[in-house]
Every structure is written in C-alpha cells, then in structure tokens.
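Read through the structure below, which is laid out as structure tokens, and then see the notes.
These values consider heavy atoms only, across backbone and side chains, with no hydrogens, waters or symmetry-generated copies. Everything numeric in this text was worked out from a predicted model, so none of it was measured. In what follows, chains carry the letters A, B, and so on, assigned in the order in which the sequence lines appear, proteins first and then strands, with residues in each chain numbered from 1.
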Amino acid sequence: MTSVKTPADEAEARAIQDELRKSVVLDEAGPPPGRGLVAGVDVAYDDERDLVAAAAVVLDAATLEVVEEATAVGHVSFPYVPGLLAFRELPTVLAALESLTAAPGLVVCDGYGLAHPRGFGLACHLGVVTGLPSMGVAKNPFTFTYEEPGARRGDAAALVAADGAVVGRALRTQDGIKPVYVSVGHRISLDNACAHALALSPRFRIPESTRHADSLCRRALREAS
DNA sequence: GCGACAG
DNA sequence: ATCTTGTCGC
C-alpha cells in the first residue's frame with residue numbers, strides 16, 4: 001500500500017521532494033517500447049465540490065488496446081502550486097493504480113519528471129513511491145526552453161533548464177504539430193521514454209495512454225456522487 | 001522585489 | 001485544470 005503524505009505547507013512539501021529525490025533511479029534503460037503493458041494516469045478536478053477524480057488505464061503496448069481501467073475519487077488535499085503538483089494529484093492517482101489487477105511495466109504521467117525545479121516532478125514522485133518505471137509527457141514547456149525541432153514526427157530537441165542542464169526532450173509526435181515535452185521519471189532512459197511516447201502516439205499529439213486516462217477521469221468525475 | 005510557472 | 005456548441009475537415 002503506497003501513499004503520498006500530504007504536507008502541512010509548501011516548505012514541508014519541498015523538503016519531502018528533496019528527500020525522496022535521492023531514491024530516483026536513472027541508470028536503468030527501462031522496458032523496451034512496443035511490448036508489455038503500459039499504464040496512463042490522469043486526473044480531473046471539480047473545485048466547486050472539492051473533488052478530484054483519477055484514472056489509470058492499462059494498454060497493451062503492442063496494439064494500444066485497453067486491457068484494464070480503474071478510477072478513484074477523493075477530496076483535493078493540496079492547492080495547485082507550480083513545482084508541487086504531485087501532492088495534489090498523486091494520492092488519488094495511487095488509489096486508482098492500486099485497484100488495478102494488471103501489473104504495468106511502465107507508468108506514463110501527464111506532466112513532468114526530472115524536468116522540474118528540484119529535479120523531482122510528478123513522474124519521479126510516482127515512480128519512487130510505486131517502484132515502477134515511470135515517465136512524464138507534458139503538453140507545455142513550463143519554464144524550460146528548446147530549439148524548435150524538425151517538423152516531422154519523431155524529430156526532437158533538447159529541453160533545457162535555466163541553468164543550461166538538459167532535463168528532457170521536446171518531441172514531435174505528429175508532423176507539423178506542436179511537440180510534447182518528455183522527461184524521465186524513474187528507472188527509464190530518456191531515449192527509451194521518447195521511444196515509448198512516440199509508439200503511444202501513432203495518430204494524435206498526446207499518447208493514447210494519456211488520452212484514455214483523461215477521458216476516463218472526466219467521466220468518473222461526472223459520475224461521482 | 002515581482003512575475004511566470006506541469007495540471 | 002476549467003469556462004464551452006457547433007462546425008470544419010480528414
């Protein structure tokens with residue numbers, strides 16, 4: 001039974017990140033793309049009712065067919081603070097993940113991993129607390145910069161932090177469409193994470209894993225009592 | 001010091 | 001994240 005402690009304040013949240021960060025494993029290649037099971041996770045909010053709904057969807061990486069779905073609904077326990085997103089999303093996401101029967105070999109998060117102010121984004125946090133290989137695919141460049149990659153699907157460019165460190169990759173998943181921002185979470189290489197992101201996005205900008213999780217958590221939120 | 005800033 | 005229908009196009 002994994003869990004994420006809800007910090008009393010932002011200072012405590014940062015301290016937790018700095019501590020857990022030591023457990024991130026970056027020297028594993030991770031599961032090869034195109035086979036095995038991959039889970040996508042996402043959350044949706046209802047601020048009016050103070051609810052958060054999470055979804056975990058397991059896909060067959062070879063066919064991208066849905067193997068299993070799970071959802072969880074909880075109360076929002078932490079405000080949105082850039083850099084502290086994990087404390088807002090993970091408690092409910094973990095509940096959804098734990099109710100799965102299938103055991104995914106990789107979890108794809110909607111957000112960042114290593115590309116983070118303290119090098120410990122959502123995907124790293126999820127990876128460390130579950131022990132599973134994890135990666136992040138974000139829709140916006142956050143505070144990072146990059147040279148515009150080539151226009152073709154598969155073209156990529158380094159995602160760079162203010163201090164010049166390469167923290168991920170801007171990856172074009174569809175010809176002529178805005179790239180997504182891939183970063184490593186836990187127990188996977190950046191090359192492999194990008195290969196997965198590409199394999200999971202045969203038709204749309206966003207990986208199928210995230211698309212399925214997104215629609216499922218919205219539905220779960222609507223149907224929540 | 002202020003603002004910007006994954007979802 | 002969220003406010004939001006129909007509509008244009010492959």
*Which of residues 134-171 of chain A sit near DNA chain B, with a heavy atom under 4.0 Å from it?*
A:A138, A:K139, A:N140, A:F142, A:T143
*Would you call A:R14-A:D18 a salt bridge at under 4.0 Å N-O?*
no
*asked:* Looking at A:R169 and A:D191, is there a salt bridge between them, counting it only when a charged N and a carboxylate O are closer than 4.0 Å?
replied: yes
*Sidechain-backbone polar pair: A:S183 side chain, A:G168 backbone, donor-acceptor under 3.5 Å*: no
*Give a yes-or-no answer on whether the side chains of A:E98 and A:T2 include a donor-acceptor pair shorter than 3.5 Å.*
yes
*Atom OG1 of A:T173 and atom CG of A:L200: how far apart are they, to the nearest 0.5 Å?*
10.5 Å
*Before accepting this row, confirm whether a basic side-chain N of the pair A:R172/A:E148 lies closer than 4.0 Å to the acidic partner's carboxylate O.*
yes
*asked:* Measuring only between side-chain heavy atoms, which start at C-beta, is A:L26 closer than 4.5 Å to A:L114?
replied: yes
_A:F144 and A:Y112 aromatic ring geometry - parallel, tilted or perpendicular at 30°/60° bounds_ = perpendicular
*Provide, to the nearest angstrom, the distance between the CG atom belonging to A:L221 and the P atom belonging to C:dA1.*
13 Å
_Lys/Arg N to Asp/Glu carboxylate O, A:K139 vs A:D110, below 4.0 Å_ = yes
*Which residues in residues 181-205 of chain A have at least one heavy atom lying under 4.0 Å from any atom of DNA chain B?*
none
*Of residues 114-126 of chain A, the positions that come close to DNA chain B - non-hydrogen atoms, cut-off under 4.0 Å*: A:H116, A:G121, A:L122
_Check: A:H116 ring centre within less than 6.0 Å of A:F142 ring centre_ = no
_Which residues in residues 42-50 of chain A have a heavy atom closer than 4.0 Å to any atom of DNA chain B?_
A:D42
*Heavy atoms, side chains only, cut-off 4.5 Å: are A:Y80 and A:Y45 in contact?*
no
*Taking 4.0 angstrom as the limit, do A:K5 and A:E12 come out as a salt bridge?*
yes
*Do A:Q17 and A:R118 have side-chain N/O donor and acceptor atoms under 3.5 Å apart?*
yes
*Should A:R153 and A:D175 be marked as a salt bridge (charged side-chain N to carboxylate O under 4.0 Å, His left out) after you check the CA-CA gap, both sets of side-chain angles, and the distance that decides it?*
CA-CA 5 Å; A:R153 164 176 157 83; A:D175 291 354; over 6 Å; no
_Side-chain donor or acceptor of A:R205 paired with backbone N/O of A:Q174 under 3.5 Å_ = no
_Residues in contact with DNA chain B, drawn from residues 76-92 of chain A - heavy-atom cutoff 4.0 Å_ = A:Y80, A:P82, A:G83, A:L84, A:L85, A:R88, A:E89
*Check for a donor-acceptor pair, side chain of A:D50 on one end and backbone N or O of A:D47 on the other, with a separation under 3.5 Å.*
no
*Below 4.0 angstrom, N of the basic side chain to O of the carboxylate: do A:D214 and A:R211 qualify?*
no
_Pair assignment for DNA chain B - dot-bracket with | for other-strand partners, Watson-Crick or G-U under 3.5 Å_ = .......
*To the nearest angstrom, how far is A:R211 atom CZ from B:dG7 atom C1'?*
18 Å
